[in-house]
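Report on the following structure.
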Amino acid sequence: MGLISGRVFFKILAFLCFIRLSQGRNHSATPDLPPLRKASSFSKIQHEAYDYIIVGGGTAGCPLAATLSKKYKVLLLERGGSPYGNHNISYLENFHICLTDESKNSPSQGFISTDGVINSRAKVLGGGTCINAGFYSRANRRFVKDAGWDEELVNQSYPWVEERIVYWPKIAPWQAALRDGLLEAGVSPYNGYTYDHLFGTKVGGTIFDEAGYRHTAADLLAAANPDNLRVLLHASVNKVIFKTRHGKR
Ligand SMILES: Cc1cc2nc3c(=O)[nH]c(=O)nc-3n(C[C@H](O)[C@H](O)[C@H](O)COP(=O)(O)OP(=O)(O)OC[C@H]3O[C@@H](n4cnc5c(N)ncnc54)[C@H](O)[C@@H]3O)c2cc1C
Ligand SMILES: *[C@@H]1O[C@H](CO)[C@@H](O)[C@H](O)[C@H]1NC(C)=O
Ligand SMILES: *[C@@H]1O[C@H](CO)[C@@H](O)[C@H](O)[C@H]1NC(C)=O
Ligand SMILES: *[C@@H]1O[C@H](CO)[C@@H](O)[C@H](O)[C@H]1NC(C)=O
């Protein structure tokens, strides 16, 4: 055990905290979204120009589209379908079913990385937040600094996500035992419930609500300006062509 670092322990805790079985249901939480259209409807759309075209309506693509649409015309292209109405995605107890679903329309796509690691990636609006373990934490401050981002602006932005799709978990007895085990093994200090990325042991956020219902990045599209955002599903991008013009003609 001495070989396992506190950081690895922390990750294990992060993952396990959210494998929590729950009986409740909450359908009323579906947000008010801009229309989610199929790519095949695009031919019917009149000439429309966009300031930004986002490839991939995933964890990053959805909030980016919502934010940009406040000021700009945005087209969001997602290769997968909608996560709404899909029990495999929405309910915590189906986490493993979703992840191992190998059918053609699965929101999860198995792959093996170039260095041989068996993994899964998302193929659905909402991206990884539709298939992942749902653990939510704010970023490591070092990461924000190294990326050259404005930390104050980053701090101001967290609640935008947290208010919409992040919940506090209820700790099951075995999870409490695991937490206590970590502390007993010296993974300290105990930071309690916090979204902050801190060394030691903590209880972080989750995108599963109290009823075990998954809230995804797709929900963040509800914050978009629907007049400026067009979302197309089953829209696989095969090629991106950049036209560069040197000097004015
Ligand atoms: C099993 C598992 C568990 C995880 N658990 C956690 C966790 O608990 N907490 C956590 O924070 N992170 C977790 N992660 C990691 C997290 O989910 C990812 O890091 C994150 O979702 C990546 O976001 P992204 O926006 O970069 O990509 P994605 O969310 O994957 O979005 C990419 C999107 O682009 C689309 N796309 C790809 N190619 C094309 C194309 N050519 N044309 C159109 N669309 C395209 C995809 O369909 C997808 O929707 C987990 C990941 C996995 C696989
Ligand atoms: C269901 O979701 C709605 C909207 O988010 C919320 O007001 C309500 O309290 C939730 N009900 C349960 C049982 O969690
Ligand atoms: C859920 O997963 C099962 C098992 O892979 C699959 O047969 C079923 O079609 C999936 N349901 C939906 C709605 O995608
Ligand atoms: C951002 O938030 C972190 C953690 O809550 C805090 O320690 C830090 O001082 C904040 N930074 C700024 C610039 O406000």
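Whatever order the structure lists ligands and atoms in, that order sets their numbers, starting from 1. Computation of the quantities below employed the complete heavy-atom set of this structure, encompassing side-chain atoms and omitting hydrogens, waters and symmetry-equivalent molecules.
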Quick check: does [X] get an N/O under 3.5 Å from an N/O on ligand 1?
X	answer
A60	yes
F95	no
T129	no
S236	no
G61	no
V124	yes
N119	no
G128	yes
V237	yes

Whether [X] side chain and [Y] backbone form a donor-acceptor pair below 3.5 Å:
X	Y	value
N88	C98	no
R214	T129	yes
D51	K73	yes

Practice task
For residues F208 and Y213, establish whether the separation of their ring centroids is below 6.0 Å.
Solution key: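 No, the ring centres sit 6.0 Å or more apart.
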Exercise for the section: State if R141 counts as touching ligand 4 under the rule of any non-hydrogen atom under 4.0 Å. Expected result: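 It does; at least one heavy atom falls under 4.0 Å.
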Problem - Gap separating the CG atom of D196 from the NZ atom of K202, nearest 0.5 angstrom - result: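 It comes to 7.0 Å.
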Practice task
Measure A235 to ligand 1 on non-hydrogen atoms and call it side chain, backbone, both or neither using the 4.0 Å cut-off.
Solution key: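 Within the 4.0 Å criterion, A235 contacts ligand 1 through backbone atoms alone.
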Problem - Residue part near ligand 1, for N238, under 4.0 Å between non-hydrogen atoms - result: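 It is neither part, as no heavy atom is under 4.0 Å.
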Handout entry: Closest contact, heavy atoms only, A218 versus P83
Key =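 Nearest heavy atoms, A218 then P83: CB-CG, 4.0 Å.
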Exercise for the section: Could you tell me which non-hydrogen atom of F199 sits nearest to which non-hydrogen atom of N191, and how far apart they are? Expected result: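 Result for this residue pair: O-ND2, 3.0 Å.
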Problem - For Y158, ring-ring contact (aromatic ring centres under 6.0 Å, His included) partners two or more places apart - result: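 Residues passing ring-ring contact (aromatic ring centres under 6.0 Å, His included) with Y158: none at all.
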Exercise for the section: Any salt bridge (Lys or Arg N to Asp or Glu O under 4.0 Å) involving residues 30-41? Give me the pairs, sequence neighbours left out, ordered by first then second residue. Expected result: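 Salt bridge (Lys or Arg N to Asp or Glu O under 4.0 Å) check on residues 30-41 returns no pairs.
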Exercise for the section: With sequence neighbours excluded, give me every salt bridge (Lys or Arg N to Asp or Glu O under 4.0 Å) pair touching residues 96-124. Expected result: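 Sorted result for residues 96-124: empty, none.
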Under 4.0 Å from a heavy atom of [X]: give me the atoms of ligand 1 that qualify, with their elements.
X	result
A133	3 (C), 4 (C), 5 (N), 6 (C), 8 (O)
L99	1 (C)
G127	29 (O), 49 (O)
L77	43 (C), 44 (N)

Problem - Y190 side chain to D180 side chain, donor-acceptor N/O pair below 3.5 angstrom - result: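 No, no side-chain donor-acceptor pair sits under 3.5 Å.
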Exercise for the section: Scan side-chain atoms only and decide if H87 and N94 contain a donor-acceptor pair under the 3.5 Å cut-off. Expected result: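 Note: H87 and N94 side chains miss the donor-acceptor criterion.
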Practice task
Could you check if a side-chain atom of I131 sits within less than 4.5 angstrom of a side-chain atom of S108, using non-hydrogen atoms only?
Solution key: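 Sidechains of S108 and I131: in contact.
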Exercise for the section: For E78 and ligand 1, answer yes if some heavy atom of the residue is under 4.0 Å from a ligand atom, otherwise no. Expected result: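 Heavy atoms of E78 do come under 4.0 Å of ligand 1.
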Problem - Q156 atom CD, over 12 foreign heavy atoms within 6.0 Å - result: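 Above 12, so yes.
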Exercise for the section: Please say whether more than 12 non-hydrogen atoms of neighbouring residues, nucleotides or ligands are located less than 6.0 Å from CG in L153. Expected result: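 Enclosed: over 12 neighbouring heavy atoms sit under 6.0 Å from CG of L153.
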Exercise for the section: Would you kindly specify which portion of D196 sits under 4.0 Å from ligand 4, judged on non-hydrogen atoms: side chain, backbone, both or neither? Expected result: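 The part of D196 near ligand 4 is the side chain, not the backbone.
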Exercise for the section: Go through ligand 4 atom by atom and flag the ones less than 4.0 Å from a non-hydrogen atom of N155. Expected result: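 Within the 4.0 Å cut-off of N155, ligand 4 contributes 1 (C), 2 (O), 3 (C), 8 (C), 10 (C), 11 (N), 12 (C), 14 (O).
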Short N or O separations between ligand 3 and the protein, below 3.5 Å:
{"unit_1": "ligand 3", "atom_1": "2 (O)", "unit_2": "N88", "atom_2": "ND2", "d": "2.4"}
{"unit_1": "ligand 3", "atom_1": "5 (O)", "unit_2": "D101", "atom_2": "OD1", "d": "3.1"}
{"unit_1": "ligand 3", "atom_1": "11 (N)", "unit_2": "N88", "atom_2": "ND2", "d": "3.0"}

